[in-house]
Number of protein chains: 4
Amino acid sequence: MGDLEKAARKAQEFRQREREILDAALALFLEHGEDRVTVEMIADQVGIGKGTIYKHFETKNEIYLLLMIRYEEDLAELFRSIDGEDDRERLPREYFSFRIQQPRRYQLFDRLENKVIKEQAVPELVDKLHTIRAKNLDSLVRTIEQGMKADTLEPVPPYYHIALAWALAHGAVGLMESPFYQKYIDDKEDFTDFLINVGIRMGNKGQRGRRDD
Amino acid sequence: MGDLEKAARKAQEFRQREREILDAALALFLEHGEDRVTVEMIADQVGIGKGTIYKHFETKNEIYLLLMIRYEEDLAELFRSIDGEDDRERLPREYFSFRIQQPRRYQLFDRLENKVIKEQAVPELVDKLHTIRAKNLDSLVRTIEQGMKADTLEPVPPYYHIALAWALAHGAVGLMESPFYQKYIDDKEDFTDFLINVGIRMGNKGQRGRRDD
Amino acid sequence: MGDLEKAARKAQEFRQREREILDAALALFLEHGEDRVTVEMIADQVGIGKGTIYKHFETKNEIYLLLMIRYEEDLAELFRSIDGEDDRERLPREYFSFRIQQPRRYQLFDRLENKVIKEQAVPELVDKLHTIRAKNLDSLVRTIEQGMKADTLEPVPPYYHIALAWALAHGAVGLMESPFYQKYIDDKEDFTDFLINVGIRMGNKGQRGRRDD
Amino acid sequence: MGDLEKAARKAQEFRQREREILDAALALFLEHGEDRVTVEMIADQVGIGKGTIYKHFETKNEIYLLLMIRYEEDLAELFRSIDGEDDRERLPREYFSFRIQQPRRYQLFDRLENKVIKEQAVPELVDKLHTIRAKNLDSLVRTIEQGMKADTLEPVPPYYHIALAWALAHGAVGLMESPFYQKYIDDKEDFTDFLINVGIRMGNKGQRGRRDD
DNA sequence: TATGAATGAGGCTTCATTCAT
DNA sequence: AATGAATGAAGCCTCATTCAT
């Protein structure tokens, strides 16, 4: 095996390790809350030394941000895969589903974002995150504008629709994770279904939000 | 002045100080995030010593919970003041407005609740909080059931409607506070109005969620 | 009632309160250990305010010392009441019994003395304590010297005998309070009896320490 | 040097540091009393940072217990080294000497044990301590039982003899450390000798406790 | 590159003592 | 004299980050 090959493999392994760390961190953050998870716990989970983590990431905050970026990139990937389809409802539906599917994860990211911005930490990565997100948003905006041209959506600024959906999604997540309200929801699946339907058609002209029709 | 009177005044002042501490704590939590606010900062803000705080509250967690309870009691007060009115839409509207009006506060409480429950701290107060909240919920449920009898609401379990509204409110809050999405909303007031309307009529039969009609 | 009488009664009540505080303090120290007992707890137990305690005693250390002095004075009282009797064994026996009877109390005082001396607190009271104790010791020494003249005790320095008895008493107390060794003693009374007998005759010439003869 | 060797050396050094911390802690506890010694003082004494202490021990209480266990293990070691010898008096004598030789240390441990048990701290280590001590006790019990078979000891339950010796040792320690009684003892060595002799023969049949015969 | 021991700033909490009423 | 609210020094412990090997 040549040196080049070796170096490539090494780089490969390094990337792989990075992914492992992020995966472990995410899992632990979700399970215990980011405040109760120490860098050492993450290292243990991956089976490496604490110092090694700092070979990959400068600070714990950077881990936070990379997780969030990864999430947003997955969303971008989803959008790319849908792009070009005819079904105009598909994109918002997928967006909505994606976000609502893993409530705790999104909730975590929301918390992290507020925290990281409050501390003004790692501004470059915050910028990167926002750039990706803006692109994703753009996809949505364009879809919505098409919907408005097709005269199926209320003629309000596009972001009203997005924001509405975002709000509902965000809220639905909060609801389903609320230790208190959880008790009141018997059939989670049915309720999720209900929410998604309302969410998607909420901004439609005419019979908005109607379910099962 | 009699001794009784004196004692009463002292008790009064003690209560007052308690309120001051909670107010200061809330203000600081909202401004810097609860993690960046130390007990000492709260004391400084009120202009008292660190130790004094602990004459009023056993732990920082207790401060968290008392703030949340206060909030929920304000809501209860609101419900009481409305009770007995004819306008069936009034209650949900007020609920929705109340929650959406002070986004950061609610968001803070949501974060705190998750944190406090995760740490299993001050369970008696958590119980108290949930009791009050359950009562508030009851008010809503009853109103909604009346709405369903009056055949203006979709015949799904009442909490579907509440949950929906909760979710939207929660989400709207998250949205309006999101450092990222904020940039996209030009006219906050108009948007809030839009959301509130959608929120209230979302679950209506027929022309749900329609605005200005 | 004249002013004098009133003043006298007041003084009387003041003394009484002082005694109450000391009693309460002792009880609490014995139950929870002096470190876990706050001045506030003592005040609550007596049913007075915390500040009042400081009208009677300058510091918590002073309370410690006054308790110890009271104890030593009780011992002096005991010696006085015996003085003049013929039975030469009576004094040591009473001394030994007195100390061994309330193990935890003595242990507490022992702990306190070390603590207070280490901190060099309230030296006047420490002196007072030692003066009283020296007097008590003197009573013992004289009794022992008489025993030696009567040729019933080993002719070693008198304090050897006292110290021996002290040591055994102290040790017996430690033993009976040791959470560990306690498990090994089935019949406490019988064992105490055994100890006391050994203690008294330990220094005798000839058949020393023999039991039941 | 191989990696294995390196790791071994590191582990070795880690152990060594642990010992250093315990030694420093013990020295400080003995000198100032455990309450006046802060974790930071221990760290300073060793010449390390405060946090490092917590890499080795979870709490200050754990340090207390490990010191006590170490002490008890030394005793066990002593017993092991004697085991099998013919001289039946050797074991109790060594036990007695061991305990009486370092009075302040034992006294410290006695205080610590009571404290730690009152706080119900680190129960696993308390158990471990008691297990070791029970084994040590067993050695003594067996020796004593042999003495009774040989008809040289009073036929009371074996633990009476142990307890007696324990009590005397404990008491002797308390005595020699008592800031008050200390003044009365001129020749410490002679007195210790006196005590040890009494201690060992105290329970003998016949001429018990006689010295130099 | 990987490691993990070491660091120390910083947080929460306790409680003896003071002092204005 | 009695009170108890207020104080703040001081202690224990956590953990992100550094750095020598």
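Side chains are part of it too, since the values below use all heavy atoms of this structure and drop only hydrogens, waters and symmetry mates. What you are looking at is a predicted structure, and each value in this text was computed from that prediction instead of being measured. Here is the naming used below: chain letters follow the sequence lines, and residue numbers restart at 1 for every chain.
C/Thr52 comes within contact range of at least one nucleobase, with a heavy-atom separation under 4.0 Å. D/Lys50 comes within 4.0 angstrom of a nucleotide base, judged by non-hydrogen atoms across all strands. If you check every strand for non-hydrogen atoms under 4.0 Å, A/Lys55 touches a base. Heavy atoms of D/Arg36 sit nowhere under 4.0 angstrom from any nucleic acid atom.
The two residues B/Leu22 and B/Leu67 make their nearest non-hydrogen contact at O-CD2, 3.5 Å. Taking all atoms of both residues into account, the shortest heavy-atom contact from B/Thr59 to B/Tyr54 is CA-CE2, 4.2 Å.
The partner of E/dT21, taking Watson-Crick or G-U wobble pairs whose two distances both stay under 3.5 Å, is F/dA2. As the counterpart of E/dA16, F/dT7 is assigned, both hydrogen-bonding distances of the Watson-Crick or G-U wobble pattern falling under 3.5 Å. The partner of F/dC12 is E/dG11, by the rule that a Watson-Crick or G-U pair needs both atom distances under 3.5 Å.
Remark: C1' of E/dA6 and CD1 of D/Ile53 are 12 Å apart, rounded to the nearest angstrom. Between the NE2 atom of B/His56 and the P atom of E/dT13 there is a distance of 16 Å, given to the nearest Å. Atom CE in C/Met41 sits roughly 14 Å away from atom C1' in E/dA16 (whole-Å rounding). Atom CG of A/Leu28 is separated from atom P of F/dA16 by 12 Å (rounded to the nearest Å). The nearest whole Å value for the distance from the CG atom in A/Asp35 to the P atom in E/dG10 is 18 Å. When the P atom of F/dA16 is taken as reference, atom CG of A/Asp44 falls 13 Å away, rounded to whole Å. Look at CG on C/Asn61: it is 12 Å from C1' on E/dT17, rounded to the nearest Å. Separating the CD atom of D/Glu13 from the P atom of F/dT21 is a distance of 10 Å, rounded to the nearest angstrom.
Side-chain contact between D/Glu73 and D/Met68: absent, with no pair of heavy atoms (C-beta onward) separated by less than 4.5 Å. Side-chain contact check for C/Ile63 versus C/Ile53: some heavy-atom pair is nearer than 4.5 Å. With contacts defined as side-chain heavy-atom distances shorter than 4.5 Å, the pair D/Arg19/D/Arg70 qualifies.
Distance from the side chain of B/Tyr54 is smallest to E/dC12 among E/dC12, E/dC15, E/dT18. For C/Lys60, whose side chain is taken as the heavy atoms from C-beta onward, the closest listed nucleotide among F/dA6, E/dC12, E/dT17 is E/dT17.
Heavy-atom distances to DNA chain E give each of D/Lys10 and B/Val39 a nearest nucleotide, and the one nearer the 5′ end belongs to D/Lys10. Nearest-nucleotide positions on DNA chain F place B/Arg17 closer to the 5' end than the other of B/Arg17 and D/Glu34. Nearer the 5' end of DNA chain E, as judged by each residue's closest nucleotide, is the contact made by A/Glu40, out of C/Thr59 and A/Glu40.
For the OP1/OP2 pair of E/dT21 and a distance below 4.0 Å, the side-chain nitrogens and oxygens of B/Arg9 include no atom meeting the criterion.
Judged as a side chain to side chain donor-acceptor pair (under 3.5 Å), and not counting sequence neighbours, the contacts of D/His130 are D/Glu113.
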